[in-house]
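Numbered from 1 within each chain, the chains take letters A, B, ... in sequence-line order. As the structure is a computational prediction, the values presented were derived from the model and not from experiment.
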Amino acid sequence: MKVKIQNAIVLTTACLPSIIYITWLAAYYWLLEAGRYKAFLQPKLWPLLILALILLLLFIAALITQFSRKSGHVLKFERWLQAAILFVPVLFLWAIYGQSLGTHALAKRALDTGQPFPISGTGPQRSFPTTDGKTSSLLELIKNAEQFNGKRVAAEGMVYRGGHSDRNRFRLFRFVIVCCAADALPLVILVKSKIAEKFDNDDWVRVEGIFSFETVNSRQVSSIAADSVRPIPAPPPEKRYLFF
Amino acid sequence: MLILLFLCFKYDKLLNMNSPACDSAISEHGHDHRQGSRSSRYAQLLFVLLALGLIIFFRDAPQFNTLGIIFVSIVLEALPFMLLGTLIGGFIEVFVPRETVTRWLPEGRWWTVFIGAGMGVIFPVCECAIVPVVRKLLQKGVPLSAAIAFLLGGPIVNPLVAASTAVAYFGDWSIVMQRMMFGYGIAVGIGLLMGLLFTKAKAVHNEVSSKPVRRDAPEILGSGKPAAWTEKIGLAVNHAAGDFLDIGRFLVIGAFCAAVVQTLVPRQAFVAVMDTPGFSILIMMLLAVLLNLCSEADAFVAASFRSSLVPLSGQMAFMVLGPMLDIKLILMYLKVFKAPAIAVLASLTFIVVFLSMLTMY
């Protein structure tokens, strides 16, 4: 019995590298399927995931074709530890899928106005149609703020009440991702509404009102004087971020 | 986190002390599996236990969500690059004879540093992919100074990074050019300095600096006759698979440390002191080390500081230092360089980048 258990451990240890790669292959496939990776990565990075799948398949094939049971005897503990470390991100993936960056991340990342782009930016100017009734993304609103000034807009995002918000104000925010959630930048618009206090941090809302600028702490910030704020269901995880 | 980093360094030191005995353990796949020291095991075990503890006890905390999303994102983005880097390394190992490398990049020639720093133009890889490639290049006889110049310059002086910087700064090519020039110049400077301060044997691990076995495919196969192409390719991929397992764990631990910092440290705290001349450069450099962003994305984060008081020199410091030095890179360097060399390399990089950015004022 003892010998059998020992043999099983040796065999499993020898198989560990392949098991690691197969686990990662499954994780990348699962993320690519139905676009789940967009909860973490920029959608344009899908070729990167394909590349990962191909390379992982190659590695698995190479390990299987040159498999040797004897390798299970070499530094058993080291191999298990190595495998455990490489499994940790997969465990985290399993544990946090369905969640997204929220007010906690915003509080750590916001820089005064929280805008990653200058409001009267030097960026390429595009002409936008009147947005009456249509939802504009916060990215469009902030990048082209001057064109929206004084116009009626509709935008969706999360609520951040923060420590400084008064009863009639909150901040509407979303994160914009360049490559991955680690570089996510918050886009924030001040919302003035008589029913602002009804909403809590991280609530998803749709705001309609007049877009303008306001000076807060001697800085110009975008704001919406809202005549309508209503709760909306949180989008699926892969649609919660905006992408640059 | 600091304890974890300290233990990793300590483990590296102990490994070096024991290296002759440790280097003898070679697995069936032809990869070194050095006997880890007790400190090594503690550090890595501590990481695994810490991670599992967070999943079990803090899964519902908002901090856990932020930490988990950032951690998983960094690993998901970096892993394909690392796989690619190790594959390139595997092919270099099997297909590129040492004689060819030493003919093109001979030891003791200063001009090889200038070639090394600009090699990113031909091999546009990010900082995660470049570490396993440099490891193999060093094994193949590339001079230390040229390898370091490639390691530091490659993730900046490449067309993909130039393009992303141009997009982030709305096509301002003067900023793109400044980033490329600073990246290239600093890589050359530090490459030369490291070449003066260290010999290859003193700077890199024994198995990286001299590899008497496994140089060519026929030797590895043990047949003595030339190996078939398919066998060589299989061998290269097998090497890559082993190398990835060896280095990949440092990527995971580094990404975790970066995620912890991003979760706990508010960026506003740094920005509050940005208006002090010179200090903004230092703060932005510190942020670059702590945030661990990909060199293809960091320009967007740097550009986001334009709306605050950060001067261009601070933004440039962030974009130049980040691809050269961050937490995950320091941990990955442990598989290539000895601890004293890493300490000198990190210090030199930090100082040279700081002094270079001061010239922009």
Side-chain angles (χ1 to χ4, degrees), chain A residues 17 20-21 24 31 37 40-41 45 48-49 51-52 55-56 58-59 62-63 65-66 68 70-71 74-75 77-78 81-82 84-86 88-89 91-93 95-96 99-105 107-113 115-118 121-124 178-183 185 244, chain B residues 25 27-29 33 35-36 41 44-45 47-48 51 55 59 62-66 68-77 79-80 83-84 87 170 234 237-238 240-241 244-245 248-249 252-253 258 262-263 265-268 271 291-294 296-298 300-301 303-308:
Chain A
I20 294 167
Y21 285 121
W24 272 103
L31 284 165
Y37 70 96
F40 305 96
L41 301 174
L45 292 184
L48 202 62
L49 278 83
L51 175 73
L55 294 178
L56 286 165
L58 259 179
F59 285 13
L63 286 174
T65 51
Q66 297 187 34
S68 166
K70 285 177 190 170
S71 60
V74 181
L75 293 170
F77 182 78
E78 290 297 316
L81 198 55
Q82 192 180 54
I85 293 169
L86 288 165
V88 165
L91 286 176
F92 266 78
L93 174 63
I96 49 108
Q99 306 298 325
S100 58
L101 296 178
T103 49
H104 175 266
K108 299 291 178 192
R109 285 161 185 244
L111 303 170
D112 289 337
T113 60
Q115 313 300 9
F117 313 102
T122 53
V178 181
C179 279
C180 74
D183 61 47
L185 296 165
F244 193 75
Chain B
S27 77
E28 284 292 307
H29 296 306
H33 289 281
Q35 183 70 46
R41 292 178 177 183
Q44 295 177 47
L45 201 57
F47 165 74
V48 174
I55 292 174
R59 204 174 155 182
Q63 291 89 341
F64 177 81
N65 285 341
T66 308
I69 289 165
I70 295 169
F71 171 50
V72 170
S73 300
I74 295 175
V75 175
L76 285 179
E77 191 195 6
L79 203 94
L83 289 167
L84 187 64
L87 187 69
F170 296 119
V237 178
N238 208 290
F244 176 81
L245 294 176
R249 57 186 152 162
V252 171
I253 297 172
Q262 284 216 31
T263 305
V265 181
R267 293 183 193 176
Q268 190 66 42
V271 177
L291 294 183
N292 296 253
L293 300 177
C294 179
E296 281 149 28
D298 58 3
F300 292 90
V301 177
S304 75
F305 285 93
R306 284 179 305 174
S307 59
S308 57

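- B:Pro80 and A:Ala52 make their closest contact through CG-CB, 3.8 Å (heavy atoms, listed as atom of the first residue, atom of the second, distance).
- Taking CG of B:Leu83 as the start and CG of A:Leu51 as the end, the distance is 7.5 Å to the nearest 0.5 Å.
- Of the listed residues (B:Gly248, B:Pro266, B:Ala258), the one with the most heavy-atom contacts under 4.5 Å to chain A is B:Pro266.
- Across A:Tyr21 and B:Ala240, no two heavy atoms sit closer than the pair OH-O, 4.4 Å.
- Residue B:Asn65 holds its CG atom at 8.0 Å from OG of A:Ser100, rounded to the nearest 0.5 Å.
- Between A:Leu55 and B:Leu84, the shortest heavy-atom contact is CD1-N, 3.5 Å.
- Options B:Thr263, B:Ile74, B:Asp298 differ in how many heavy-atom pairs under 4.5 Å they form with chain A, and the most are formed by B:Thr263.
- Heavy-atom minimum distance, B:Asn238 versus A:Ala62: ND2-O, 3.2 Å.
- Below 30°, between 30° and 60°, or above 60°: for A:Phe92 and B:Phe71 the angle between ring planes is above 60°, a perpendicular geometry.
- What you find for A:Phe40 and B:Ile69 is that their closest heavy atoms are CD2-O, 4.1 Å.
- The most heavy-atom pairs under 4.5 Å with chain B, out of A:Leu86, A:Leu93, A:Leu81, come from A:Leu81.
- Here the CD-CG distance, from B:Glu77 to A:Asp183, works out to 7.0 Å after rounding to the nearest 0.5 Å.
- For the pair B:Ala51 and A:Val88, the tightest heavy-atom approach, listed with the atom from each and the gap, is CB-CG1, 3.6 Å.
- A 4.5 Å side-chain heavy-atom check between A:Leu101 and B:Thr66 finds at least one atom pair inside the cut-off.
- Using a distance-only test at 3.5 Å, with no hydrogens or angles considered, no donor-acceptor pair links the side chain of B:Gln44 to the main chain of A:Ile85.
- Rounding to the nearest 0.5 Å gives a distance of 12.0 Å between CG of B:Leu76 and OH of A:Tyr37.
- In terms of modelled atom types and a separation under 3.5 Å, the side chain of B:Gln262 and the main chain of A:Ala182 share a donor-acceptor contact.
- Heavy atoms closer than 4.5 Å to chain B are found in both the backbone and the side chain of A:Leu48.
- When heavy atoms are compared at a cutoff of 4.5 Å, B:Val252 approaches chain A solely by way of its side chain, counted from C-beta outward.
- Of the two parts of A:Leu49, neither the backbone nor the side chain holds a non-hydrogen atom closer than 4.5 Å to a non-hydrogen atom of chain B.
- Put simply, the side chain of A:Phe59 does not reach to within 4.5 Å of the side chain of B:Leu245, judged on heavy atoms.
- Considering only heavy atoms from C-beta on, A:His104 comes within 4.5 Å of B:Gln63 through its side chain.
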